[in-house]
Amino acid sequence: MPHRSPHGRGLALVAAGGLFAASLLAGGSATASPTDGTDAATASTTTTGTAQDASTPVPVLTPDGKLMSYVVNAKVANPGQTRLVERAVVAAGGVVVQSWPQIGVVIAHSDRAAFRADVVRHGGNAVSSVGASRTAAVSEGTPADLSPSWGKGASGYQKGHSKPANGDLSDAMTSDAAPATDPREAEQWDMVQIKADQAHKITDGDRSVVVGVLDSGIDPDHPDLAANIDVADSVSCIGAGRPDQSAGAWYPTTSDHGTHVAGTIGAARNGTGIVGVAPNVRMAAVKVVNDDGFIYPEYAICGFVWAGLHKMDVTNNSYYIDPMEYWCDDQPDQAAVRTAVERALSWSTEQDVVHAAAAGNSAKDLANKTTDSASPNDTTPITRQINNECKDIPTELPGVVTVSSTTRTEGLSSFSNRGQSVIDVAAPGSSILSTIVNNNGYGLKSGTSMASPHVAGVLALMKSAHPDWTPTQMVAKLRAQADDRACPATSPGGPACTGPAADNSYYGEGIVDALDAVS
């Protein structure tokens, strides 16, 4: 598939590749699926458009004996209704892997073809919708402590590594701004473009602010990151969507994507390497990317709820949720997943967490969707018709700051997605220098994955300067403070720019401004 790394399927990275985008969840989803377990999508009815603009069904094969993961949504998000859903899961021959009563979502495993229909039948009025969260069988197995009836479960989560866990409040620099220059700071043109270098003369950020890095983990002993990692709030969500804080669980997967993202957000001002946008804030590693590069819905749901539970201030989301590049609300499985993810993100926002997300690297116009040939990416992709109600999640969900990518000369990066009234702001994303795992070093990466953490860092600086601002206020200020950029005379490739300088399809409301954020 285009722009995809073999170990970064849903990551918005262009080094070997990547993608991203997402938005508004439209209404209810299907309540029952075919009892033969062959193709839930074919039972779909269009909820937002006519038959002519319905999206192409994506087969989700669930024969007896194939272990699948599901989201089951309660009609009412409270503990009592969630318990009724749990009982329905068990009665339908499933296992409850994780319950989130805060949002009325249950993550379940089952190897029965009729599970979707049966859980609706047993749940009655308690169940709003159910959908398979993948098209492939569960690769990590069911956690062994749940005693699944289909055989041996997963033997356990990641056991940890030899690296020590570092980072706490005591490791912080206590001054608001440090005058010292780190050795490679002069190479960070990106910080100059967003005026972070000027913002640092006012503040490097407040130590009480925590950014959740929903990604592939963070290198725990990198000299530019170790002191800024919030170990107490770090977690892995890749064990079937259950939070795991065992030793080393949140350490990096086979990808250093999360480590690079973390460096842009908060590499310390310590006389070593580079400086992040907010070098004095803390970062929690929230691992939602498995070793094969997949970010399944249950992983992201866990990450968003975890961020809300632990009162993080900001999250960065440089990925799209697998296995669909676009999740369509006229198909039952996809609609149920969108409902669950949106509930998790919205609940997190209600806990005062603000979210930045990469727009994606497909060079597409997200305001005018037509086809998708990258989904599902965990089995065999098909070329399908999609419509504008098919959303790349989480970036297109309500309240999320959607970030496009700029070059050193402030042009739109050729790979960047764009879209009138979809892009909120732009930030540097081409050839960005940041931290990597190999030899605790530094490297260049490109992608909207690299643009989004600049915005997360600016939001962290904004929260440091204005601790009482709500997510809604922060997003409004971020957009208003961005520096307007007019549509260029020529396109870097892909759909042309549309709209005025104040708000267009390439830059949204402009290039993000760190100086204004702390003023």
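Just so it is clear, the values below take in all heavy atoms, side chains as well, and ignore hydrogens, waters and symmetry mates.
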### Query
Sub-3.5 Å donor-acceptor pair from the side chain of Asp204 to the main-chain atoms of Asn280, do we have one?
no
#### Entry: Test item: His222 side-chain N/O and Asp224 main-chain N/O as donor-acceptor pair under 3.5 Å
yes
### Query
Are Trp327 and Cys390 close enough, and set up right, to give a side-chain contact (heavy atoms from CB on, under 4.5 Å), and what steps lead you there?
CA-CA 5 Å; Trp327 295 81; Cys390 297; over 6 Å; no
### Atom pair OG (Ser128) and CG (Asn73), whose distance is rounded to the nearest 0.5 Å
6.0 Å
### Asp215 side chain vs Gly258 backbone, donor-acceptor pair below 3.5 Å
yes
### Point-to-point distance, once rounded to the nearest 0.5 Å, from CG of Leu225 to CD1 of Ile229
5.5 Å
### Query
Hey, does Lys364 have a side-chain heavy atom less than 4.5 Å from the side chain of Glu325?
yes
### Query
Between Glu509 and Asp424, is there a donor-acceptor pair closer than 3.5 Å when you use the side chain of the first and the backbone of the second?
no
### Query
Of the non-hydrogen atoms in Gly443 and Ile436, which two are nearest, and what is the gap between them?
N-CG2, 3.8 Å
### Query
Minimum heavy-atom separation for Val455 to Ala356, with atom names?
CG1-CB, 4.1 Å
### Message
Regarding Glu298 and Arg134, does a basic nitrogen lie under 4.0 Å from an acidic carboxylate oxygen?
### Response
yes
### Asn368 side, atom CG; Asn388 side, atom CG - distance, nearest 0.5 Å
6.0 Å
### Query
Just checking, any donor-acceptor pair under 3.5 angstrom between side chains of Gln193 and Thr406?
yes
### Task
Go through the steps to decide whether Ile511 and Ile194 satisfy the test side-chain contact (heavy atoms from CB on, under 4.5 Å), and finish with yes or no.
CA-CA 7 Å; Ile511 296 176; Ile194 67 169; 4.3 Å; yes
### Message
Given 3.5 Å as the limit, does a donor-acceptor pair link the side chain of Asn387 with the main chain of Asp53, or not?
### Response
yes
### Query
Is any side-chain heavy atom of Leu478 less than 4.5 Å from a side-chain heavy atom of Met462?
yes
### Message
Tell me whether Asn504 contacts the main-chain N or O of Thr498 through its side chain, where contact means a donor paired with an acceptor under 3.5 Å.
### Response
no
### Pairwise distance CD1(Ile218) to NZ(Lys287) - rounded to 0.5 angstrom
11.0 Å
### Query
Nearest heavy-atom pair of Ser430 and Ser413: which atoms, and what distance?
OG-OG, 2.7 Å
### Query
Any side-chain donor-acceptor pair under 3.5 Å between His260 and Thr435?
no
### Query
Which class fits the ring pair Tyr299 and Tyr296: parallel under 30°, tilted 30 to 60°, perpendicular over 60°?
perpendicular
### Query
Is there a donor in the side chain of Gln331 and an acceptor in the side chain of Ser55, or the other way round, less than 3.5 Å apart?
yes
### Message
For Tyr506 and Ser491: C-alpha separation, side-chain torsions, deciding distance, then whether side-chain contact (heavy atoms from CB on, under 4.5 Å) applies.
### Response
CA-CA 10 Å; Tyr506 277 15; Ser491 168; 3.0 Å; yes
### Task
Applying side chain to side chain donor-acceptor pair (under 3.5 Å), run through Thr135 and Thr379 and close with a yes or a no.
CA-CA 6 Å; Thr135 63; Thr379 49; 2.8 Å; yes
### Query
If only atom types and distance count, is the side chain of Asp292 paired as donor or acceptor with the main-chain N or O of Phe294 below 3.5 Å?
no
#### Entry: Atom of Ala514, atom of Ala199 and distance for their closest heavy-atom approach
O-CB, 3.6 Å
### Message
Go through it in stages, so that I can follow the logic: the residues are Asn377 and Ser375, the test is side chain to side chain donor-acceptor pair (under 3.5 Å), and I'd like the CA-CA distance, side-chain angles, deciding distance and then a yes or no.
### Response
CA-CA 5 Å; Asn377 62 22; Ser375 309; over 6 Å; no
#### Entry: Test item: Asp322 side-chain N/O and Ile295 main-chain N/O as donor-acceptor pair under 3.5 Å
yes
#### Entry: Check: Val475 and Val354 side chains under 4.5 Å, non-hydrogen atoms
yes
### Query
Do you see a donor-acceptor pair shorter than 3.5 Å between the side chains of Thr407 and Thr409?
yes
### Message
For Asp516, is there an ion pair with Lys195 - N to carboxylate O distance below 4.0 angstrom?
### Response
no
### Query
Would Ser405 and Thr448 count as a side chain to side chain donor-acceptor pair (under 3.5 Å) if you check the C-alpha gap in whole Å, the side-chain angles of each, and the deciding distance to 0.1 Å?
CA-CA 5 Å; Ser405 172; Thr448 53; over 6 Å; no
### Close side-chain approach of Asp329 to Gln334, heavy-atom, < 4.5 Å
no
### Task
Would you check if Val277 and Leu461 make a side-chain contact, meaning some heavy-atom pair closer than 4.5 Å?
yes
### Query
Which is it for Arg343 and Phe304 under the side-chain contact (heavy atoms from CB on, under 4.5 Å) test, yes or no, and what are the steps along the way?
CA-CA 9 Å; Arg343 285 184 183 186; Phe304 286 125; over 6 Å; no
### Exercise: identify the closest heavy-atom pair between Gln420 and Asp365
N-OD1, 4.4 Å
### Query
Say you draw a straight line from OG of Ser234 to NE2 of His310; how long is it, rounded to the nearest 0.5 Å?
10.0 Å
### Message
Check whether Gln351 reaches the backbone of Trp347 with its side chain - one donor and one acceptor, N or O, closer than 3.5 Å.
### Response
yes
### Message
Check whether Asp230 reaches the backbone of Ala284 with its side chain - one donor and one acceptor, N or O, closer than 3.5 Å.
### Response
no
### Message
Under a 4.0 Å threshold between the charged nitrogen and the carboxylate oxygen, would Asp333 count as salt-bridged to Arg116?
### Response
yes
### Query
Can you find a heavy atom in the side chain of Ile321 that is under 4.5 Å from one in the side chain of Val341?
yes
### His200 and Pro279, any side-chain heavy atoms less than 4.5 Å apart
yes
### Query
Looking at Tyr507, does the NZ or CZ of Arg485 lie under 6.0 angstrom from its six-membered ring centre and within 45 degrees of the ring axis?
no
### side-chain contact (heavy atoms from CB on, under 4.5 Å) partner of His454, the single match among Val403, Ile265, Ile432, Asn316
Ile432
### Heavy-atom side-chain contact between Thr395 and Asn317 under 4.5 Å
no
## Note on the structure
Closest heavy-atom pair, Thr264 versus Met191, reported as atoms and distance to 0.1 Å, is O-CE, 3.9 Å
### Task
Nearest 0.5 Å please: distance from the NZ atom of Lys463 over to the CG atom of Asp206.
11.0 Å
### Query
Would Thr203 and Ser464 count as a side chain to side chain donor-acceptor pair (under 3.5 Å) if you check the C-alpha gap in whole Å, the side-chain angles of each, and the deciding distance to 0.1 Å?
CA-CA 8 Å; Thr203 180; Ser464 298; 5.7 Å; no
